[in-house]
Amino acid sequence: MTLQHDPMVAMANARHEFGEHGGVNLSIEASTTFTVLAAQTMPQIFQGEHGPFSVDAGSDTGGCYLYGRHFNPTVFAFGRLLAAMERTEAAYATASGMGAIAATLMQLCDAGGRIVASHTIYGGTFALLKEFLPKKTGVETTFVSISDFTAVESALQETNAKALYIESIANPTLEIADIPKLAAIAHRHGAILVVDNTFSPMLLTPTMHGADIVVHSATKFISGGSDIIAGVVCASRNFISEMMDLHTGALMLLGPTMDPKVAHELTLRLPHLGLRMREHGRRALEFARRLANMDVEVVYPGLTNHPQHALCERLFNEGYGFGGILTIDLVDASRANAFMEMLQNEHSFGFMAVSLGYFETLMSCSGSSTSSELSEEERRAAGVRPGLVRMSVGVTGSLGQRWRQLEEAVRRVLFA
Ligand SMILES: *Cc1c(COP(=O)(O)O)cnc(C)c1O
């Protein structure tokens, strides 16, 4: 019997804020600076005697805030919910997913440090690791296929890497990371396992399987509205404190802090994140099954023919499904484009746009969009085929209505 974690239950337990006047929603602490009652408290805050975690530690020195970039109570309240969801001691919310990822990796690696990363990762993260970090900091990354455990192991061994960086569900291949195995390999070589869990909040809790740090682009499912750019780092209290250090902290000094108004907004969307994930997953599974029945090449982790379906069953939390993302191979770019144009312009089925996790369906041709930072060879190695359409299945309209639209587009583009 594996350990159980229900992120909705954990978040409900962590939700203990009231609004300032007894409001049912927490208040927005829209202040960039904070006062103290005794002048002597100020130097104590600077010396770290009163810190962001004194509230959590139950000490009566809570309320010792310093400056908004360092610590804002509303941002922290949001972080506490994310920490509960990801089963970490603490979390720090950032202005973007890239802000969370870059700050985490820069905190982990000193100049000249080494990282081993999956070769199928978000384009922005890939560019950060391949171009930006080596040029600016001398931190070099070795890219490997994370399903090749021998390659992961020897890369970690050869480079003495500080971190193994993976995504729980790879984009756009939808390959599932074997987190327990990868955690064991990373730990054997003294590396920290960092998992980008953007595709599967609620569905999968990487720390349940050995991950050390979880990062998110909250821009996607966590927001659900395609209206906010945001991110989060979920980690130990120690690591988050390190990131907030006044002299050496990447969050404090690079400044990718989340705005408290954004934190407040997102806090109101977390209570229905579980419901949304379930509905995204229910529809995506139904589409995937029906497309497979039409002999369309569809990849979805919930299909029993997905190469790692059994692994999914083993790792995923119960009751949240297999996620809202599927891919359809439409053979070539011109058919992929015709398919997306038809669905958007004739059926209002969804939008041709990058990103994911929106309540409407989003479609993009990965090879010419989100994976375009990769060279042609890198795309081939990562299994990104030219006609591959990634679909983030929305929750508007009815399943029947959306299926009729999708089915017609598939028939016209592939079977006409
Ligand atoms: C979008 C995305 C990011 C980057 O997040 P931003 O919020 O756009 O900065 C990182 N990782 C994954 C998997 C993403 O989908």
Side-chain angles (χ1 to χ4, degrees), residues 4-15 78 81-88 91 93 97 122 167-172 174 176-177 179 195-209 211 214-228 230-232 234 265-289 299-303 306 308-309 311-327 350 355-362 390-399 402:
Q4 295 289 321
H5 172 66
D6 187 330
M8 286 293 277
V9 171
M11 283 208 299
N13 288 337
R15 198 176 179 89
F78 173 66
L81 295 173
L82 269 295
M85 177 175 88
E86 290 300 0
R87 216 174 136 269
T88 55
Y122 179 71
E167 291 178 2
S168 43
I169 302 182
N171 173 38
L174 307 187
I176 311 295
I179 299 172
V195 181
D196 180 336
N197 201 28
T198 300
F199 277 45
S200 42
M202 295 281 158
L203 315 181
L204 174 64
T205 309
T207 59
M208 289 290 292
H209 309 289
V214 177
V215 290
H216 277 278
S217 166
T219 309
K220 316 294 166 56
F221 287 106
I222 292 174
S223 155
S226 282
D227 58 338
I228 286 173
V232 66
C234 304
E265 177 82 40
L266 290 177
T267 302
L268 300 186
R269 301 181 193 193
L270 289 177
H272 46 70
L273 178 58
L275 295 177
R276 286 188 278 119
M277 292 313 293
R278 248 179 230 140
E279 184 62 8
H280 285 296
R282 184 180 78 92
R283 293 189 183 207
L285 178 62
E286 202 51 46
F287 287 173
R289 281 186 180 147
V299 175
Y300 182 66
L303 289 178
H306 185 283
Q308 291 141 318
H309 182 67
L311 178 66
C312 273
E313 297 262 25
R314 195 150 53 78
L315 299 191
F316 278 27
N317 295 321
E318 227 175 288
Y320 294 99
F322 297 94
I325 315 291
L326 55 83
T327 65
S355 198
L356 53 118
Y358 185 31
F359 53 74
E360 297 289 357
T361 294
L362 297 177
R390 183 185 76 187
M391 189 176 282
S392 171
V393 177
V395 296
T396 63
S398 78
L399 204 157
R402 297 307 187 193

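No experiment lies behind these values; they were computed from the predicted model shown.
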Of the non-hydrogen atoms in P172 and T327, which two are nearest, and what is the gap between them?
O-CG2, 3.2 Å
Test side chain to side chain contact (heavy atoms under 4.5 Å, CB included) applied to L270 and L82, step by step:
CA-CA 9 Å; L270 289 177; L82 269 295; 3.6 Å; yes
Checking Y300 now: which residues fulfil side chain to side chain donor-acceptor pair (under 3.5 Å) with it, not counting sequence neighbours?
none
Inter-residue atom distance L174.CG - Q308.CD, 0.5 Å rounding
10.0 Å
I'd like to know if the side chain of E86 reaches the main chain of C234, judged simply by a donor and an acceptor atom lying under 3.5 Å from each other, with no hydrogens or angles considered.
no
Going by an N to O cut-off under 4.0 Å, is there a salt bridge joining R282 and E279?
yes
D227: what forms a side-chain contact (heavy atoms from CB on, under 4.5 Å) with it, not counting sequence neighbours?
S223, R269
Enter the distance from L203:CG to L315:CG here, rounded to the nearest 0.5 Å.
11.5 Å
Partner set under side-chain contact (heavy atoms from CB on, under 4.5 Å) for A14, not counting sequence neighbours
L81, A84
Quick one: pull up OH in Y320 and OG in S200 and give me the separation to the nearest 0.5 Å.
13.5 Å
Side chain to side chain contact (heavy atoms under 4.5 Å, CB included) evaluation trace for L273 with M85
CA-CA 11 Å; L273 178 58; M85 177 175 88; 3.9 Å; yes
Nearest heavy-atom approach of N197 to H216 is O-CE1, 3.1 Å
Tell me the closest heavy-atom pair linking F199 and M277, and the distance in Å.
O-CE, 4.3 Å
Gap separating the CZ atom of R314 from the NE2 atom of H309, nearest 0.5 angstrom:
12.5 Å
Minimal heavy-atom distance between F322 and C312, with the atoms involved, is CE2-CB, 3.9 Å
With sequence neighbours left out, the residues meeting side chain to side chain donor-acceptor pair (under 3.5 Å) with R278 are none
Should R15 and T267 be marked as a side chain to side chain contact (heavy atoms under 4.5 Å, CB included) after you check the CA-CA gap, both sets of side-chain angles, and the distance that decides it?
CA-CA 10 Å; R15 198 176 179 89; T267 302; 4.0 Å; yes
Do T198 side-chain atoms and S217 backbone N/O form a donor-acceptor pair below 3.5 Å?
yes
Please check this pair: side chain of E167 against backbone of Y122, looking for a donor-acceptor N/O pair closer than 3.5 Å.
yes
H5 side chain vs M208 backbone, donor-acceptor pair below 3.5 Å
no
Step by step, work out the side chain to side chain contact (heavy atoms under 4.5 Å, CB included) result for N317 and M202.
CA-CA 7 Å; N317 295 321; M202 295 281 158; 5.8 Å; no
Applying side-chain contact (heavy atoms from CB on, under 4.5 Å), name anything that partners A83, two or more places apart in sequence or on another chain.
T88, A91
For the side chain of R390 and the backbone of N171, is there at least one donor-acceptor N/O pair under 3.5 Å apart?
no
Partners of A218 by side-chain contact (heavy atoms from CB on, under 4.5 Å), sequence neighbours excluded?
I222, A230, L266
Rounded to the nearest 0.5 Å, what's the gap from NZ on K220 to CG on L356? Could you check?
5.0 Å
Taking the side chain from T396 and the backbone from E360, do they hold a donor-acceptor pair closer than 3.5 Å?
no
Give me the atom names and distance for the closest heavy-atom approach of R402 to F287.
CB-CZ, 3.6 Å
Taking all heavy atoms of G302 and all of L285, pick out the closest pair and write down the distance.
O-CD1, 3.6 Å
Could you tell me whether the side chain of L204 reaches within less than 4.5 Å of the side chain of H209, counting heavy atoms only?
yes
At what distance, to the nearest 0.5 angstrom, does CD of E286 lie from CZ of R283?
11.0 Å
